[in-house]
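Here is how names work: the chains are called A, B, and so on, in the same order as the sequence lines, proteins then strands, and each is numbered from 1. As the structure is a prediction and not an experimental result, all values here were calculated from the model.
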Amino acid sequence: MPEKFKRYTLTSALPYANGPIHIGHLAGVYVPADIYARYLRMKGEDVLFIGGSDEHGVPITIKARAEGVSPQVIVDRYHEQIKKSFEDFGISFDVYARTSAPVHHKTASDFFLKLYGENKFIEKTNQQYYDEKEHQFLADRYITGTCPHCGYEKAYGDQCENCGTSLSPLELINPKSALSGNVPVLKETKHWYLPLDQYEEWLEEWIIKGHKNDWKANVYGQVKSWIDHGLKPRAVTRDLNWGVQVPLKDAEGKVLYVWFDAPIGYISAAKEWSEKTGKDWKPYWKDEETKLIHFIGKDNIVFHCIIFPAMLKAEGSFVLPDNVPANEFLNLENDKISTSRNWAVWLHEYLNDFPGKQDVLRYVLTANAPETKDNDFTWKDFQARNNNELLAIFGNFVNRTLVLTQKYFDGVVPAVTELDKEAKTTLEEVKLFPGKIAQSLDRYRFREALSELMNLARLGNKYLTDMEPWRVIKTDEDKVKTILNVSLQIAANLAVLSEPFLPFTATKLQKMLGMEQPTWTDAGNTELIKPGSILNKPELLFDRIEDKEVEAQVQRLLDTKKENELAISSKLAKEEITFDEFMKTDIRTGTILEAKKVPKTKKLLKLKIDTGIDQRTVVSGIAEYYEPEKIIGQKVCILVNLAPRKLRGIESQGMILMAEDADGKLCFVSPTEDVSDGSEVK
RNA sequence: GGCGAGGUAGCUCAGUCGGUUAGAGCGUCGGAUUCAUAACCCGGAGGUCCCGAGUUCAAUUCUCGGUCUCGCUACCA
């Protein structure tokens, strides 16, 4: 199975430049990718490890508008912050590029042009809202209007924030442009589509048959599911003024869709790297003997396994990914990580709060990596892994060895006097570790690889404890020489093998042992440290993390939680209305007569309501909270003069009033006393 | 609703191409020890392998059904 490759191109998902990096990004993508890159480099492989900021797309333009600045200001801010925090954290990118760079614009538009020239796209024209004053088509988010469901007047074209409904701009009543406030007009617009359906057969062959056994189950399963469902053409352009201009004459105001331009960013990054280093980028993308690997999170599987490969295939001259080891998600203290809710451990804050402890976080995120299922990061676990594993096992072994060597031999490495049975078997065992760790890493099993590394430290601890040099020294100094030599060789092996996982620690340890730039072939060598060489003063590799420190972090999160709750309950009241406006609504008390689940939906119940005036059908999205049988007879409030609307083919005549709490849980608003149906609510 | 992934010791996870007492780390309890950052080393306790049915001489492992978690997707007050 392990074919021989001449070089490796490793890509890591381009972080979106509208927020900082958090531990979820690190655990899912950057830490495993970095371990892999460092491992390959140590083996002497030719590696190009690519990263960069994804700087296009609508969310960035929205954030810019909200802050009253240009999109460039936003992406500059986050690009710099992200880049610096990666550097400080020791992610060893060969290049960290950005998609707003000229080289990327050129690469992406050339890519587009090539496919265009070879008729690899299909053209379609459809109707979209256009702001005549601003002379541009409007992204869904830039259109506001009245929600057809709840009547909220400031619903967006893609979603109503009042009732949570996803919308299409065409559904909005009284649409307005968020740019000018004008009424937008519908206008025809032309776009280009990549006909993914034409690649189905090829994908089937390449992935379903070709990668059945070497791709992770979560990746393979999802890809197969998509292909089995059948693929549809996907628009590669859109009307927007932030992004890579579509390089055609009749395409003013159009840019490449961000999903199309972003992965090309990997290629542009290689070119940027090429310009800086003078090396040719082409072999890294076009030579058959290059192994291309995409490190991503599970949200990106479809793009990297289906869409981007289809693009590359269409273009024709690029290699395809050999593997896409996507990880699942990391939770934080039992709750989903969320940028908007500020529920995250931010990398730049961590680096600030725990200076010099990059490896601790790298260790914890690797040991607890969401490789096969979602995992949870807790500060308590972070502390325990540092104190009970890194420090107690790894750090302690190194420290014992070095302290003993100082104490008994003034820091001069003793020679083996006689290779006794214990020394021999221990050293034999040491030799097995590079192979074990490599085998795990080759299969992208980073957790397993790391635990093997720790087993080497365990072996060292056991050897020391069993041999009791502190006792033997009283009677047999020669034997202690052998014991400490063996222990030092183990420490040296740790200094080599830990490099991919704990680069800062490895460097520190190498210095203490007087080693220089070891390579992977040094691993397993049990004569790495020469007798007679002088060791540098030992210092502690890891510090104990005290309760106070993690409690402070937990407190910060609790504060965040409180702020979030406050933010919801103190959500600003809607725009003021007059009494007359309110009186337009006709709300009545009513009773549920019948309730049935609407088939093939998760949330919808079809209700029959006695409104006092009449009996009518209402479709209501409450199925997640109420079982149909149990709500028959329930008194409710109902908005009876809401325009009817068809949902799932059923006409809904009115709306049931529900109260919704911070978690989205719904409950009926119902009269506390038995009033007759049809009583007015005012 | 459709699809995918997952549900194994207190916690985080391995594993079983079906087969004697289901594994590891951490935690916990006990012992030993003092070179070491109350760390190391040895040992013990701890599991209806989500639930139910089926196939089988035998199922945690295969099949079917159910359930819970996460994701994608549809639908949506």
Checklist entry - Rounding to the closest angstrom, what is the interatomic distance between B:U63 and B:U21 at atom C1'? => result 29 Å
Next on the checklist: Once you apply a heavy-atom cut-off of 4.0 Å, does A:Ile473 come out as touching a base, just sugar-phosphate, or nothing?
Outcome noted: nothing
Checklist entry - How would you label the contact of A:Tyr220 with the nucleic acid (heavy atoms, under 4.0 Å): base, sugar-phosphate, or nothing? => result nothing
Checklist entry - If pairing requires Watson-Crick or G-U wobble contacts with both distances under 3.5 Å, which nucleotide is the partner of B:C35? => result none
Next on the checklist: Check this one for me: any side-chain N or O of A:Lys298 less than 4.0 Å away from OP1 or OP2 of B:G4?
Outcome noted: no
Next on the checklist: Over all strands shown, is A:Ile545 touching base, sugar-phosphate only, or nothing at heavy-atom distances under 4.0 angstrom?
Outcome noted: nothing
Checklist entry - Can you find a side-chain donor-acceptor pair between A:Thr417 and A:Thr482 that sits under 3.5 Å? => result yes
Next on the checklist: Please determine whether a side-chain nitrogen or oxygen atom of A:Arg400 lies at a distance below 4.0 Å from atom OP1 or OP2 of B:A39.
Outcome noted: no
Next on the checklist: Under 4.0 Å from OP1 or OP2 of B:A14: is there any side-chain N or O of A:Thr372 that close?
Outcome noted: yes
Next on the checklist: Quick check for you: among B:C70, B:C41, B:C3, whose closest atom lies nearest to any side-chain atom of A:Ser225?
Outcome noted: B:C3
Checklist entry - Is A:Lys373 near enough to B:U8 that one of its side-chain N or O atoms lies under 4.0 angstrom from OP1 or OP2? => result yes
Item to check | Any A:Ile307 side-chain heavy atom under 4.5 Å of A:Val302 side chain | outcome: yes
Next on the checklist: Is the terminal nitrogen or CZ of A:Lys336 (NZ for Lys, CZ for Arg) located under 6.0 angstrom from the six-membered ring centre of A:Phe329 and within 45° of that ring's axis?
Outcome noted: no
Checklist outcome for this item: Scanning all shown strands, the Watson-Crick or wobble mate of B:A58 with both distances under 3.5 Å is none
Checklist entry - Applying a 3.5 Å limit to both distances, which nucleotide forms a Watson-Crick or G-U wobble pair with B:G47? => result none
Next on the checklist: Quick check on B:U12: is either OP1 or OP2 less than 4.0 Å from any side-chain nitrogen or oxygen of A:Arg447?
Outcome noted: no
Item to check | Candidates B:A14, B:G25, B:C41 - which lies nearest the side chain of A:Thr465 | outcome: B:C41
Checklist entry - Pick the nucleotide of RNA chain B nearest each of A:Asp466 and A:Trp226; which residue has the one closer to the 5' end? => result A:Asp466
Next on the checklist: Can you confirm if the aromatic rings of A:Phe354 and A:Trp379 lie within a centre distance of less than 6.0 Å?
Outcome noted: yes
Checklist entry - Expressed in whole Å, how much space separates the P atoms belonging to B:C41 and B:A24? => result 14 Å
Next on the checklist: Let me spell it out: for each of A:Leu459 and A:Leu464, pick the nucleotide of RNA chain B with the closest heavy atom. Which residue's pick is nearer the 5' end?
Outcome noted: A:Leu464
Checklist entry - How far does the P atom of B:C50 sit from the matching atom of B:C42, given to the nearest Å? => result 31 Å
Checklist entry - So which nucleotide from B:C26, B:C35, B:A77 ends up closest to the side chain of A:Ile393? => result B:C26
Checklist entry - How far apart are the closest heavy atoms of A:Ser620 and A:Leu607, and which atoms are they? => result CB-CD1, 3.8 Å
Item to check | Candidate pair A:Phe409 and A:Glu477, rule side-chain contact (heavy atoms from CB on, under 4.5 Å), full reasoning | outcome: CA-CA 10 Å; A:Phe409 304 108; A:Glu477 191 179 304; 3.7 Å; yes
Next on the checklist: Quiz question: by atom type and distance under 3.5 Å, do the side chains of A:Glu389 and A:Tyr363 form a donor-acceptor pair?
Outcome noted: yes
Item to check | Among B:U37, B:G4, B:U33, the nucleotide that comes nearest once only the side chain of A:Trp470 is considered | outcome: B:U33
Checklist entry - Is the shortest side-chain N/O distance from A:Asn461 to OP1 or OP2 of B:A36 below 4.0 Å? => result no
Checklist entry - Which value, in whole Å, describes the distance between the C1' atoms of nucleotides B:G52 and B:G15? => result 25 Å
Checklist entry - Any idea which of B:C26, B:A77, B:G71 is nearest the A:Asn388 side chain? => result B:C26
Item to check | Watson-Crick or G-U wobble mate for B:C3, both contacts under 3.5 Å | outcome: B:G71
Checklist entry - Taking the side chain of A:Tyr408 as its heavy atoms from C-beta onward, which of B:C42, B:C35, B:A36 lies nearest to it? => result B:C35
Next on the checklist: Suppose we define a pair by two distances each less than 3.5 Å, Watson-Crick or G-U wobble; what does B:U63 pair with here?
Outcome noted: B:A53
Next on the checklist: Rounded to whole Å, how long is the line connecting atom CG of A:Asn396 with atom C1' of B:C40?
Outcome noted: 6 Å
Checklist entry - Which is true for A:Lys407 with a 4.0 Å heavy-atom rule: it touches a base, it touches only sugar-phosphate, or it touches nothing? => result sugar-phosphate
Next on the checklist: Does the structure show a Watson-Crick or G-U wobble partner for B:C26, both distances under 3.5 Å? Name it, or say none.
Outcome noted: B:G10
Checklist entry - Which is true for A:Lys336 with a 4.0 Å heavy-atom rule: it touches a base, it touches only sugar-phosphate, or it touches nothing? => result sugar-phosphate
